[in-house]
> 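Once you've had a glance at the structure underneath, I'll fire off some questions.
Quantities reported herein were computed from a predicted structural model and do not represent experimental measurements.
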Amino acid sequence: MHVKAKELLKIYGSGENRITALDHASLEIAQGDFLSIMGPSGSGKSTLLHLLSGLDAPTSGSLFYDGKDIYRMNDRERSAFRRRNIGFIFQQFHLLPVLTARENILMPLLLERKQPEEAYVCELTELLGIADRITHLPHELSGGQQQRVAIARALVAKPDIIFADEPTGNLDSKSGGEVMELLTDIWKKTGRTLVVITHDSRIARMAERRFQITDGILSEVDGR
């Protein structure tokens, strides 16, 4: 799936309270790309992710997925589009505490009323090293294991593109490194598009294409 963002502008407030969170950002993402978008807190990187994924709408600008402008969709259509095409991994794991790891993983399929492909679920949990933990509740898992469950949940519906917003932010350096190695391995093995938002230069350098965002202005670091 080819993604093209054109002149994305996001403004909050008005008058003296007007804040430009994102300043006419443009980029293209090809199928199978691995991008990192790096910037300090408050730079606009999470705003950019929310716009690129259709979680929020811009003040102006357009976003095309395979030539279709998703901002022209209504909320219901855009929500369905996200469920079917986009996987999300967040700094906060957002696991439902009353559900087991397996039930959390399968949630995207349940929302679409789809039956899980058991062989694929087993493959995912084996790859992520949580096959022996899927009957556990979130509070029975370590932070790293919870993030792996969140990654499996993001992948279970076989999305075309995965957005990860500070995916290691709540983990220690060892667990964070393991999670990024897993994401990189999944990207190599599946050919899915991966976009990682981070403030960590070590994580940013793992990507094939690197972007920097400062005061809402986006630029590609290596010029590719």
> Between Lys188 and Glu181, does any NZ, NE, NH1 or NH2 come within less than 4.0 Å of an OD or OE carboxylate oxygen?
no

> Report yes if the side chains of Leu8 and Thr47 come closer than 4.5 Å at any heavy-atom pair, otherwise no.
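A side-chain contact under 4.5 Å is absent here.
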
> Could you tell me how the ring of Phe90 sits relative to the ring of Phe88: parallel (under 30°), tilted (30 to 60°) or perpendicular (over 60°)?
parallel

> Are Leu218 and Leu55 linked, directly or through intermediate hydrophobic residues, by side-chain heavy-atom contacts shorter than 4.5 Å (ILVMFWY only)?
yes

> Given the rule that I, L, V, M, F, W and Y join up when any side-chain heavy atoms are under 4.5 Å apart, are Leu127 and Val121 in one cluster?
yes

> For the CG atom of Leu194 and the CZ atom of Phe34, what is their distance to the nearest 0.5 Å?
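It is 4.5 Å, given to the nearest 0.5 Å.
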
> Nearest 0.5 Å please: distance from the CD1 atom of Ile130 over to the CD atom of Gln145.
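It comes to 8.5 Å.
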
> For Leu63 versus Ala5, what's the shortest heavy-atom pair and its separation?
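Residues Leu63 and Ala5, closest heavy atoms: CD1-CB, 3.9 Å.
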
> So does Asp75 get a backbone contact from the side chain of Ser79, meaning a donor-acceptor N/O pair under 3.5 Å?
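Pair absent, no side-chain N/O of Ser79 close to backbone of Asp75.
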
> Under a 3.5 Å cutoff, is there a donor and acceptor pairing between the side chains of Asp69 and Ser62?
no

> For Asn104, which of Val149, Ile134, Val98, Leu137 qualifies under side chain to side chain contact (heavy atoms under 4.5 Å, CB included)?
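It is Val149, the one option of Val149, Ile134, Val98, Leu137 that forms the side chain to side chain contact (heavy atoms under 4.5 Å, CB included) with Asn104.
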
> Does the side chain of Val3 come within less than 4.5 Å of Asp33's, by heavy atoms?
no

> Apply side-chain contact (heavy atoms from CB on, under 4.5 Å) to the pair Glu166 and Thr198, showing each step before the final yes or no.
CA-CA 5 Å; Glu166 300 280 7; Thr198 185; 4.0 Å; yes

> Can you find a pair of side-chain heavy atoms, one from Ile89 and one from Gln147, that are under 4.5 Å apart?
yes

> Specify the closest pair of heavy atoms between Gly54 and Ile70, including all atoms of both residues, with the distance to one decimal.
CA-CD1, 3.9 Å

> If you group Ile, Leu, Val, Met, Phe, Trp and Tyr by side-chain heavy-atom gaps below 4.5 Å, do Ile217 and Leu52 land in one group?
no

> Do any N or O atoms from the side chain of Arg210 and from the backbone of Val221 form a donor-acceptor pair under 3.5 angstrom?
no

> Is a side-chain donor or acceptor of Lys45 paired with a backbone partner of Pro40 at a separation under 3.5 angstrom?
yes

> Counting only heavy atoms not in Asp185 (residues, nucleotides, ligands), do more than 12 fall under 6.0 Å from its CG?
yes

> Indicate yes or no for a side-chain donor-acceptor contact from Thr59 to the backbone of Ile11 under 3.5 Å, with no hydrogens or angles considered.
yes

> Contact between Val156 and Pro116 at the side-chain level, heavy atoms closer than 4.5 Å - yes or no?
no

> The test is side-chain contact (heavy atoms from CB on, under 4.5 Å); show your working for Glu103 and Leu96 and say whether it passes.
CA-CA 9 Å; Glu103 291 166 338; Leu96 295 176; over 6 Å; no

> Hey, is the main chain of Ala204 close enough, under 3.5 Å, to the side chain of Ser36 for a donor-acceptor pair?
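Checking the backbone N and O of Ala204 against the side chain of Ser36, a donor-acceptor pair under 3.5 Å is found.
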
> Look at the rings of Phe81 and Tyr65 and say which category their plane angle falls in: under 30° parallel, 30 to 60° tilted, over 60° perpendicular.
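The arrangement is perpendicular - the two ring planes meet at more than 60°.
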
> Give the minimum heavy-atom separation between Ile86 and Pro159, together with the two atoms involved.
C-CB, 3.6 Å

> How close do Ser53 and Leu49 get, heavy atom to heavy atom, and via which atoms?
OG-O, 2.8 Å

> Hey, is the main chain of Ile197 close enough, under 3.5 Å, to the side chain of Asp165 for a donor-acceptor pair?
no

> Should Leu99 and Met107 count as side-chain neighbours, where that means a heavy-atom distance under 4.5 Å?
yes

> Can you find a pair of side-chain heavy atoms, one from Met38 and one from Ser201, that are under 4.5 Å apart?
yes

> Distance-only, no hydrogens or angles: does the Gln31 side chain make a donor-acceptor pair with backbone N or O of Met1 under 3.5 Å?
yes

> Show the numbers, then the answer: is there a salt bridge (Lys or Arg N to Asp or Glu O under 4.0 Å) between Arg102 and Glu118?
CA-CA 11 Å; Arg102 174 183 165 83; Glu118 291 299 340; 2.8 Å; yes

> Looking at Tyr71 and Ser60, would you say the former's side chain and the latter's main chain have a donor-acceptor pair under 3.5 Å?
no

> Can you give me the closest heavy-atom contact between Gln92 and His94, atom names plus distance?
O-CD2, 3.1 Å

> How long is the gap from CD1 on Ile29 to CD1 on Ile161, to the nearest 0.5 Å?
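One gets 4.5 Å once the value is rounded to the nearest 0.5 Å.
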
> Please step through side-chain contact (heavy atoms from CB on, under 4.5 Å) for the pair His50 and Lys10, ending with a clear verdict.
CA-CA 11 Å; His50 289 164; Lys10 186 65 176 181; over 6 Å; no

> Strictly distance-based, threshold 3.5 Å: is any side-chain N or O of Arg148 a donor or acceptor partner for the main-chain N or O of Leu128?
yes

> State, yes or no, whether a side-chain contact exists between Glu208 and Trp187 at a heavy-atom distance under 4.5 Å.
yes

> With Glu112 as reference, evaluate Arg82, Arg83, Lys158 under the salt bridge (Lys or Arg N to Asp or Glu O under 4.0 Å) test and give the passing residue.
Arg83

> Should Tyr120 and Ile162 be regarded as members of a common hydrophobic cluster, given that ILVMFWY residues are connected when their side-chain heavy atoms come within less than 4.5 Å of each other, either directly or indirectly?
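Per the 4.5 Å side-chain linkage, Tyr120 and Ile162 are co-clustered.
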
> Quick one: pull up OG in Ser43 and NE2 in His199 and give me the separation to the nearest 0.5 Å.
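Output value for this atom pair is 11.0 Å.
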
> How many angstroms lie between atom CD of Glu178 and atom CG of Leu183, to the nearest 0.5 angstrom?
12.5 Å

> Are the side chains of Leu155 and Thr190 in contact, using a 4.5 Å heavy-atom criterion?
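When only atoms from C-beta onward are counted, Leu155 and Thr190 do not touch, as no gap falls below 4.5 Å.
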
> Answer with yes or no whether the hydrophobic clustering places Met73 together with Leu51; edges join I, L, V, M, F, W, Y residues whose side-chain heavy atoms lie under 4.5 Å apart.
yes

> Nearest 0.5 Å please: distance from the CD1 atom of Ile151 over to the CD1 atom of Ile105.
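Going from the CD1 atom of Ile151 to the CD1 atom of Ile105 covers 10.5 Å.
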
> Scan for side-chain hydrogen bond (donor to acceptor under 3.5 Å, both in side chains) pairs involving residues 15-29, sequence neighbours excluded, and state none if there are none.
His2-Glu28

